[in-house]
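Note on naming: letters A, B, ... go to the chains in the order of the sequence lines (proteins, then strands), and numbering restarts at 1 for each one.
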Amino acid sequence: MEGEICNEYKRRVLSIQSHVVSGYVGNKAAVFPLQLLGFDVDIINSVDFSNHTGYPNGWEGSVMDGDTLLKMVDGLERNGLLLSDFPEGEEEFCGKDGDGARIGRIGNVLTGYIGSESFLHSVVTVVQKLKALNPKCRYVCDPVLGDRGKFYVPPELVDIYKKEVLPLADVITPNQFEIEQLTGIDIQTIADAQNACRILHNLGVSLVLITSIIFPGTEINDPIDNTMVEKPGDGTEATPPPNSIGMFVSRRRTQQKTMCQTMQQQNIDSEQEQHCCEEEQYVLYTPKLPGFFTGTGDVCAALCLGWTAELNDHVVDDGLSLGDFLEKLAGTMHAIVQRTAQNALKKQSRYHDDSSRGEKSRKVSSFELKLIQSRDDILQPPRSFRAVKLQ
Amino acid sequence: MQGEICNEYKRRVLSIQSHVVSGYVGNKAAVFPLQLLGFDVDIINSVNFSNHTGYPNGWEGSVMDGGTLLKMVEGLERNGLLISDFPEGEETYCGNGGVGARIGRIGNILTGYIGSESFLHSVVTVVQKLKSLNPHCRYVCDPVLGDRGKFYVPQELVDIYKNEADVITPNQFEIEQLTGIDIKSIEDAKNACRILHNLGVSLVLITSIILPDTENEVSVDKSIVEEYGDGTKATPPRNSIGMFVSRRRTQQIDSNQSTQQKSFDGESEQHYCEEEQYVLYTPKLPGFFTGTGDVCAALCLGWTAELNEHIVDQDGLSLGTFLEKLAGTMHAIVQRTAQNAMNKQSRYPDESSGEEMSRKVSSFELKLIQSRDDILQPPRSFRAVKLQ
């Protein structure tokens, strides 16, 4: 019983993302997978729009400012909703005080697209507050900056991410463009990806998931017809197959020196801190699917949070390996995107042309993720791809 | 393929309810069950609060007005999000527009607590719009007026609710307000439902009825009545709450149908009607649970979406089965919540401080997420009795 209450914080997430009435981006994409996986999600909607901003005829709705975000969290705090149900005066084992103090009950914070400096600063404040209430609170940050060479957000946010957000993040899920912006490293090879991750680990980020990497030599013109490459190879080589997208995960675990297994693990950290570190990385390739899908990064970050919540922090090995995690993530994401792509192709094959606004709306809406229809792929991830452990 | 696209509207819901950051009421209670059951839910948050309004230290947030609701729907319309993906110029079988018309793609609307007359008027406008785009669009209305004798909302809203709903899920107080009938017996419940059917409501679910002689003091200790009879008698057992469902189906008279079923309708319309009712009893659980009505209305929408509208019985799912699933799942969710709340409360020294009050309220937030499997596989704990 005591153990149960102690761990409730691990199954609660505060997710601060966009809300759209129709479609699957932001919280609409992230919350359902997390709830399916058994997390209580506290949902702060940073914007409240009719639809995502990629539609040709605009959107209706409003944006939350940084002050309102702080006020909402204050409302929760006033009502005891940031603290777990430890009774006063009773010993508890989980909090670091040990003298009856109630620890924070939100064990995970998740953010995605943030469009302004002031809102980003308020997010930082909220994360700091929740970590002060519970040192085990994990911040899972999808550092949404852009994709394929183009920014979605003001470029000024890059510095704020680097200086204020990353030092707080425990898990980060950039795409290739984003990790290149955050680290300054241009990723052409697997070794580049490893080095970029290491820079983030040195800032304190324990787990880096690069959600999509397109290595040179693997690009093919995206056909808008029906041919999809199904078999990218069994993944036993780390060489990327053609027409594939790579997913890359890197984890650094640290442990106080007294618990180190061998002297071999003592490497990267400085002399003052008696820590040892262990790093592990996996890569995996999936076939590129034709089409432009919104919301995939949001689903991906949510599944990443959900499936890494149980990964053990300690160097002594867990039940669930990092490679298993990457395979589940890739299998499920591919199933969702493929279901969406097939549905979109069926509908589009009947459109006369793309030029009218009505046709353009229909095209955009046909690519909304078939997330609800993919419930079973989330509950039982298909193991379609194999992760390769890097040496 | 054509059939698939035609039926997409049946699996889409527009849900217009409150949003709370933490806890399970309004859309936080309704959306997860619907998504679990495979519905795409378009979510309009009528309010945006930190927590529900029963907490002792207030709440933060804002309320949406009627004008903004209409604007949001207009944003959807501009982007083609109210209509289905029929290509232009191609014949369709589903819409009543005939050649090339695209029908509305939202097949269900769900509303719950509405706090102002002006917002309710905007809701009605939206409902009428979506029904004109697709005549098969069902409005599932939880007519939240109050409970146990107290109004939550202005009494003027009472009349508006009656006229637009296809499915309505009142509690005992609400159906008494809507019909003027004081429910003291099963017969009263039937008559109350009939009044709503005569206004055009196809399905009435009375979510909780406490009949006289069944009230016992609800103790706040741990004893929960687990066994209270097999439900084959229509007499309510002690310490129980009744759930009651009534459906009226109508069909135009074709040449070959029998005349026996011709009952209630007027002479001018060649219809006949069939009514069926079921009752079911569940044990009363100690505690005050918020959000249960919202979960209930969502499950009602989800599980009645497939009930066939036509007289000729093509139902895979009978109305009695529906009521049993609903009661089994609701009881499982509430019981899980009650047990969790009792575990926590047994350790609190007293309830007088504001902090203790907050903790008590939060301990009763529904364990909805933890009840996922009860929604996917409803326990059949109780038996529904068909009324003659």
Subject >> Interchain contact, A/L379 with chain B, by part (heavy-atom threshold 4.5 Å) >> reply: side chain
Choice from [options] maximising heavy atom contacts with chain B below 4.5 Å:
{"options": "A/T68, A/V31, A/N45", "answer": "A/N45"}
{"options": "A/K28, A/R11, A/M64", "answer": "A/K28"}
{"options": "A/L76, A/V73, A/L371", "answer": "A/L76"}
{"options": "A/Q373, A/E368, A/H19, A/K370", "answer": "A/H19"}
{"options": "A/S62, A/S50, A/S15", "answer": "A/S50"}

Contact class of [X] relative to chain A, heavy atoms under 4.5 angstrom:
{"X": "B/R12", "answer": "side chain"}
{"X": "B/F49", "answer": "backbone"}
{"X": "B/I16", "answer": "neither"}
{"X": "B/R78", "answer": "both"}

Original post:
Between the side chains of A/Y24 and B/D40, is a donor N or O closer than 3.5 angstrom to an acceptor N or O?
Top reply: yes
**OP:** Inspect the contact between A/D67 and A/K71 and indicate whether a charged nitrogen and a carboxylate oxygen are less than 4.0 angstrom apart.
**Re:** no
**OP:** For each of B/V361, B/L36, B/T68, B/I83, tally heavy-atom pairs with chain A at distances under 4.5 Å, and name the one with the top tally.
**Re:** B/L36
Please report the interatomic distance [atom1]([X]) to [atom2]([Y]), rounded to the nearest 0.5 Å.
{"X": "B/I44", "Y": "B/Q17", "atom1": "CD1", "atom2": "CD", "value": "11.5 Å"}
{"X": "A/T340", "Y": "A/L345", "atom1": "OG1", "atom2": "CG", "value": "11.0 Å"}
{"X": "B/I43", "Y": "B/L110", "atom1": "CD1", "atom2": "CG", "value": "11.0 Å"}

Original post:
Within a reach of under 6.0 Å around NZ of B/K129, are more than 12 heavy atoms found that belong to other residues, nucleotides or ligands?
Top reply: no
Original post:
Just checking, A/R105 and A/Y9: is the charged tip under 6.0 Å from the six-membered ring centre and within 45° of the axis?
Top reply: no
**OP:** Please check if the side chain of A/N79 supplies one atom and the backbone of B/N57 the other of a donor-acceptor pair under 3.5 Å.
**Re:** yes
